[in-house]
Amino acid sequence: VEDDVQRPLTTSEIIRRPTAPIYRRLGDRLFQTLVVGIGVGVMLLALALAYVLLVEGAEPLGIFGFFGFLTGTTWDPVRNVYGVLPFVLGTLVTSVVALALSFLPALGVAIFSAEYAPRAVARVLDVVVDLLAAIPSVVVGIWGIFVLVPFMQNSVYLPVYFWALEHAPGLLPVLGPPAGYNLITATIVLSLMIVPYTTALARDAIRLVPTSQREAARALGATKWEVLRMAVLPYARGAIIAGAILSFGRALGETMAVAMLVGNSNTLPFTFFGPAATMPSVIVNEFREAVENLHLASLMALGFYLFLISLAVNLVAAWMQRKFAVGGRAI
Amino acid sequence: MAARAPTTPLPSQGRLVRGYSAVTEANLRRRYRRDQLMIALTMLATGVVVVPLVIIVTYVVANGLSALNLDFFTQDLGSPARALRGQATGLGHTIIGTLVVDTLALLIAVPIGVAAGIMLSEYPDHPLNPSLRVLNDTLNGMPAILKGLLAWSIIVKPMGTFSGISGAVALAFVMLPIVARATEGVLRIIPWSIREAGLALGLPRWRVVLNTVLPAARVGVVTGILIAFARAAGEAAPLLFTAFGNNFYSAGPLRYLLGPVDTLPARLYSLAISPYKEWHAMGWAAGIVLLALVVVAYVTARIATRQRHETQL
């Protein structure tokens, strides 16, 4: 037994089976072909998304024109006239306001978690933020329908509406009917849903700021907030803004919660308290019931516009990340 | 504090800190107060963000708990009349459908996503890599509903029927770019010396990837898959016009793949917008199950990589 342990291994024991060149070359070539083939497949999939939406939506684009379809304000499946401006506006308004509402709180959480909180608290907070990101859209939607909408209606929409009825009748057309399902409710929920994305990306950006930057500011006698304002935030600025733009992209495509709360009206003008619609909410609400071919194709074309907007937003975010990346880090 | 602050400002010091003209005691006090204020503000923001989460989860659990009984897991839904008459009704068929669709989606997305990640990480010089990275990120950034439209167009339309397969493909489109990106990220952390060791032993490159690099990165890859799963499992939008929905148990396993099937998020949506109180309670209960599914996946992923700090969204 001792002999076995002491005896050095022979070459033939180390390399038990000399590998045949066929196994090496053919195997490597097959593997690389397979992997690259799948990679190309993923690329084709992304292109197919754009191509299929464009081809399926070609008919209304041909009839109403690329810009005519975009700027048309009538969406009427009965008369078979389609224009998507109301939904584009609805999507842009809800997303921009949701981002504006959520950006500072999100940045606050990111700063607290990355800079101020004790490590144990920060760790718990990170998990909580990630869980908030993981709550399914429909779950937020059902909460919105049965809790948020009645609450907002009773404590905000109706009081304001009745106040306007007495004191400022001129406001009524702007306010619209005080249904609980409207742009405001949808925007509140939307901002809740994108906070965790902005927070997580900003937090990671702040954590990646090198210690030397902070130490330099501290050495000048800066307080903790001044360190943040003078050294950390300027350094992480690009990544934080890119993260906010990515969250904006999320808001653009957010479907279920908005569809459940926005009220679904196809006609401009959208009012503060009246029903409205966004691009994804229209697709999800009407696609299953679309009977006319042109209606179906118009929803596809609407999807194509949504694709274009999301693409632009994502490319801007990617460009910002690359442009402002300091020290070659990747997010 | 007062002892540290010089009573007369040094001429150069005021210039160093932009916006602070002089380091006087009053000045210092003001700066410390601003520091305190900012701490308070960030804590306030944290409260504003965290409290809604607690509220939402509390409501879902409180409202759904009463409908979570044995029937909920064993019966199918049937027509609304069943719930109105108080007969046995549940979401057993929905849970089976969700498992079928999600599992199939994983089976499709994981091999493709991992392979794409391997291409990005193990063949870094491949000329197609920059385009793959951009297109993969593009795919990741696209709203899930568009992926549903794609799945509808390439599967539901030719097949002529809504099906579990089309739903799985739609969810796979959601998972795929996340898995690819996560795999690339994890494989890149594995030091090149490990690959060199394998190559020095005479292993061909594909064996090095499959037998040394992937096993070393196993935990990270699984984490990426779990996060992709958590993201996709909550998606309802792409399923509404692919898996469509179904009020009954399907007749035989094959019908779950080839016929319309129910999934939790899509069913939750239709229950929530239905006019029946009994169905609303079941919708809340479906919310509990869905939340549990997603949270378990997330927490497992989190525990698996407690040491790592990067966030994969």
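This structure is a prediction, so every number in the text was calculated from the model and none was measured. A note on names: the letters A, B, ... follow the listed sequences, proteins ahead of strands, and every chain is numbered from 1. Atoms considered below: every heavy atom in the structure, side chains included; atoms not considered: hydrogens, waters and symmetry mates.
Between chain A and the options B:Asn63, B:Val57, B:Leu268, B:Leu139, heavy-atom pairs under 4.5 Å are most frequent for B:Leu268. Contact count versus chain A (heavy atoms, under 4.5 Å) is highest, among B:Ala297, B:Ala266, B:Pro265, for B:Pro265. Chain B forms the most heavy-atom pairs under 4.5 Å with one residue out of A:Ile111, A:Leu107, A:Leu49, and that residue is A:Leu49. Contact tally against chain A (heavy-atom pairs below 4.5 Å) for B:Gly148, B:Ala45, B:Ala144: the top residue is B:Ala45. Ranked by non-hydrogen atom pairs under 4.5 Å with chain B, the options A:Leu299, A:Val128, A:Leu306 are led by A:Leu306. For chain B, the option among A:Phe307, A:Phe146, A:Phe304 with the highest count of heavy-atom pairs below 4.5 Å is A:Phe146. For the set B:Val294, B:Leu149, B:Val50, B:Leu120, the count of heavy-atom pairs under 4.5 angstrom toward chain A peaks at B:Leu149. By number of non-hydrogen pairs under 4.5 angstrom with chain B, the leading residue of A:Val139, A:Leu311, A:Val147 is A:Val147. When each of A:Leu45, A:Val52, A:Leu192 is scored by its heavy-atom pairs under 4.5 Å with chain B, the top score falls to A:Leu45. Each of B:Ala237, B:Ala180, B:Ala286, B:Gly287 has some count of heavy-atom pairs under 4.5 Å with chain A, and the biggest count is that of B:Ala237. Taking B:Asp137, B:Leu291, B:Asn136, B:Leu53 one by one and counting their heavy-atom pairs under 4.5 Å with chain A, the maximum is reached by B:Leu53. When A:Ala134, A:Gly37, A:Gly41, A:Ala48 are compared by the number of non-hydrogen pairs under 4.5 Å with chain B, A:Ala134 comes out ahead.
Contact of A:Leu53 with chain B is made through the side chain alone, with heavy-atom distances under 4.5 Å. Only the side chain of A:Ile145 comes within less than 4.5 Å of a heavy atom in chain B; its backbone stays farther off. In this structure, chain B has a heavy atom under 4.5 Å from the side chain of A:Met256, while its backbone stays farther away. Residue contact with chain A, scored on non-hydrogen atoms closer than 4.5 Å, involves the side chain of B:Val60 exclusively. Heavy atoms of A:Thr255 lying under 4.5 Å from chain B belong exclusively to its side chain. Only the side chain of B:Val209 comes within contact range of chain A, judged by heavy atoms closer than 4.5 Å. Heavy atoms of B:Leu210 lying under 4.5 Å from chain A belong exclusively to its side chain. The contact between B:Trp152 and chain A is made entirely by side chain atoms (from C-beta outward), counting heavy-atom distances below 4.5 Å. The part of A:Leu296 that comes within reach of chain B is its side chain, from C-beta onward, which places non-hydrogen atoms under 4.5 angstrom from that chain. For B:Leu176, the part lying under 4.5 angstrom from a heavy atom of chain A is the side chain only. Heavy atoms of B:Phe162 lying under 4.5 Å from chain A are absent altogether. Using a 4.5 Å cut-off between heavy atoms, A:Leu125 contacts chain B through its side chain alone, with no backbone atom that close.
With hydrogens and angles ignored, the 3.5 Å screen pairs no side-chain donor or acceptor of A:Glu254 with any backbone N or O of A:Ala251. Checked by atom type and distance alone, the side chain of A:Lys224 pairs as donor or acceptor with a backbone atom of A:Glu115 at under 3.5 Å. For A:Ser281 (side chain) and A:Thr278 (main-chain N/O), a donor-acceptor pair under 3.5 Å exists by modelled atom type. With hydrogens and angles ignored, the 3.5 Å screen pairs a side-chain donor or acceptor of B:Thr98 with a backbone N or O of B:Leu264. Under a 3.5 Å cut-off, the side chain of B:Asn129 and the backbone N or O of B:Tyr123 do form a donor-acceptor pair. Without hydrogens or angle criteria, A:Arg288 side chain to B:Phe244 main chain gives a donor-acceptor distance under 3.5 Å. A donor-acceptor contact shorter than 3.5 Å links the side chain of A:Asp28 to the backbone of B:Trp206. When atom types are taken as modelled, the side chain of A:Ser137 and the backbone of A:Ala257 share a donor-acceptor pair closer than 3.5 angstrom. Side chain of A:Asn314 to backbone of A:Ser310: a donor-acceptor contact under 3.5 angstrom is found.
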Please report, to 0.1 Å, the donor-acceptor pairs under 3.5 Å made by any side chain of residues 110-117 of chain B, with sequence neighbours excluded.
none

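Heavy-atom minimum distance, A:Val109 versus B:Val49: CG2-CG2, 3.6 Å.
Ion pair B:Arg133/B:Glu184 flagged as a salt bridge, since at least one NZ, NE, NH1 or NH2 atom sits closer than 4.0 Å to an Asp/Glu carboxylate oxygen.
Between A:Ser113 and the options A:Arg123, A:Arg207, A:Arg203, a side chain to side chain donor-acceptor pair (under 3.5 Å) holds for only A:Arg207.
A:Glu56 and B:Ser153 form a side-chain donor-acceptor contact under 3.5 Å, judged by distance and modelled atom types alone.
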